[in-house]
2 protein chains.
Amino acid sequence: MTSDARIRSMSIQNRRERERAEREQLIVTAARELAETEGWDAVTTRRLAAEIEYSQPVLYSHFKGKDAIMAAVAVQGFAEMAAELRAARTAAEGTRESLAAVAEAYTSFGRRRPALYDAMFTHRVDLPFATQEAPQALWAAFGELSQAVEPIAAAGDDPGILTETFWAGLHGLVTLTRSTRLPEEAHEERLRLLIGRFVTP
Amino acid sequence: MTSDARIRSMSIQNRRERERAEREQLIVTAARELAETEGWDAVTTRRLAAEIEYSQPVLYSHFKGKDAIMAAVAVQGFAEMAAELRAARTAAEGTRESLAAVAEAYTSFGRRRPALYDAMFTHRVDLPFATQEAPQALWAAFGELSQAVEPIAAAGDDPGILTETFWAGLHGLVTLTRSTRLPEEAHEERLRLLIGRFVTP
DNA sequence: ATAGTTTTCTAGCAGCGCTAGGACTGATAT
DNA sequence: ATATCAGTCCTAGCGCTGCTAGAAAACTAT
């Protein structure tokens, strides 16, 4: 192989990797949009392949399987949620107001984007969560929650545990409401009550 | 048809109905056991049919489909949970102790019987929940929770809403822990914290 | 142009929930 | 006792799923 050829093949390889990365994003966004508009049941590998205008097996050259695609969508969701939580938190003033704003943003996210929320928090997915290998976007989202919760920690409270517990409350409200186990109606009231119980006066 | 024949055919019909009801129970318990030992993924209509030693279509002469079988398992689960919550509540003394006992019983149930819990609280199932048509066993379970929660209601709190919110907290803890979103480890601490925030001193 | 590598597609597997239509069983009437 | 009829149950199969082996095509390098 000549020197010229080596350089040429390098840039060709670059282009290929770039195109490959683009296609991977295409898959993830297509999966996400399909899930959000028609639900995860509609996201079959055949349908998804048709959507991106490639054949089925290409999906498997990017992801190990359907679950891995869902996991990728989830990670994208974490980033988005982190941004929304951050916006809500920084727009509010005062510890109680910040907490309320973040809590409202959280439940609003879950109810506005149910399919995305499912991929992130209810679907069985082999993403590392409470470990160091967890995706950065996940930590970012949890971090926003933490920053809103920590100021309301009482004397002996572990701030991390407190955040987790408050999170569990929000998560319970979102999932039970969405599955019609809880009536939609009194949602605001329940949220207010939860916040009231966590804010120590 | 003679009078004798009419009486005879009546009792035959009775026996048939009895046997049918027995077989229906057989299906529900088989589904439940299979789900608890191998998870709901293992509960296929074929496998279930083999388990009860009938062919696949008999399942559909009892239930509209697989979801309806899961719903029947869920209802059975509600009755069991109600009994466990009641036992915990009546064994404890004092409002805080009762609440703690019921909360502990609830999360323990969810962690001991994950498949059952899923059918009851996470799987999409078309059971009526917060309406009058909800199965009696469901009301019983919720009632146990209510009785433990109501004593800790503050002045302006709606007891029903308060129970729902506390329930959401428990549900969040159970589901997030089970899906490894929360580490198993600090579960007791989180539960203690949740109770502490809801009990007004 | 040819050889070799890499990418992409066609075709198919095993399993899923569910169902139509025929076979079988058993009670009734002659 | 036997023929009729009703009801029960099973065999076989449909269209779908996630996933994969091996052929075909596209592209690169000599």
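Here is the naming used below: chain letters follow the sequence lines, and residue numbers restart at 1 for every chain. Worth knowing before you read on, the calculation uses all heavy atoms, side chains too, and leaves out hydrogens, waters and symmetry mates.
A/Leu162 contributes atom CG, which lies 4.5 Å from atom CD1 of A/Ile152 (distance to the nearest 0.5 angstrom). Atom CE of B/Met81 and atom CG of B/Leu138 lie 10.0 Å apart (nearest 0.5 Å).
Protein atom NE2 of B/His123 is 13 Å distant from nucleotide atom C1' of C/dG17, rounded to whole Å. One atom, OH of A/Tyr60, and another, C1' of D/dA21, lie 14 Å apart when rounded to the nearest Å. Whole-Å rounding puts the B/His62 NE2 to C/dT19 P distance at 16 Å. When rounded to the nearest whole Å, the span between CD of B/Glu19 and P of D/dG7 equals 17 Å. Atom CG of B/Leu59 is separated from atom P of D/dT8 by 16 Å (rounded to the nearest Å). Residue A/Lys64 contributes atom NZ, which lies 13 Å from atom C1' of D/dC19 at whole-angstrom precision. For the pair A/Met70 CE and D/dC19 P, the computed distance is 12 Å after rounding to whole Å. Protein atom CD of A/Glu17 is 16 Å distant from nucleotide atom C1' of D/dC27, rounded to whole Å.
At a threshold of 4.0 Å, the pair B/Arg47-B/Asp41 does not count as salt-bridged, since none of the basic side-chain nitrogens sits closer than that to a carboxylate oxygen. Ion pairing of B/Asp118 with B/Arg178 is present here, as a side-chain N (NZ or NE/NH1/NH2) and a carboxylate O approach within less than 4.0 Å.
Two rings, from A/His62 and A/Tyr54, have their centers 6.0 Å or more apart.
Annotation: proximity of residues 35-44 of chain A to DNA chain D (heavy atom, distance under 4.0 Å) is found for A/Val43, A/Thr44, numbered in ascending order.
Contact annotation: B/Thr45 side-chain N/O to C/dC18 OP1/OP2 distance is not under 4.0 Å.
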Practice prompt. For ring-ring contact (aromatic ring centres under 6.0 Å, His included), just list the numbers for B/Phe78 and B/Phe121, CA-CA rounded to whole Å, side-chain angles, deciding distance to a tenth of an Å, and then say yes or no.
Written response: CA-CA 10 Å; B/Phe78 288 126; B/Phe121 295 120; 5.5 Å; yes

Do any N or O atoms of the protein come closer than 3.5 Å to N or O atoms of nucleotides 9-13 of chain D, and which pairs are they?
{"residue": "D/dC9", "atom": "OP1", "partner": "B/Arg23", "partner atom": "NH1", "Å": "3.1"}
{"residue": "D/dC9", "atom": "OP2", "partner": "B/Arg23", "partner atom": "NH1", "Å": "3.3"}
{"residue": "D/dC9", "atom": "OP2", "partner": "B/Arg23", "partner atom": "NH2", "Å": "3.1"}
{"residue": "D/dC10", "atom": "OP2", "partner": "B/Ser55", "partner atom": "N", "Å": "3.1"}
{"residue": "D/dC10", "atom": "OP2", "partner": "B/Ser55", "partner atom": "OG", "Å": "2.8"}

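Among the candidates B/Glu36, B/Glu80, B/Glu84, the single residue satisfying the salt bridge (Lys or Arg N to Asp or Glu O under 4.0 Å) test with B/Arg112 is B/Glu84.
Ring-plane geometry between A/Trp139 and A/Phe142 is classed as perpendicular, the angle between the planes exceeding 60 degrees on a 0 to 90 degree scale with a lower cut at 30.
Looking at A/His171 and A/Tyr117, their side chains do bring a donor and an acceptor atom within 3.5 Å of each other.
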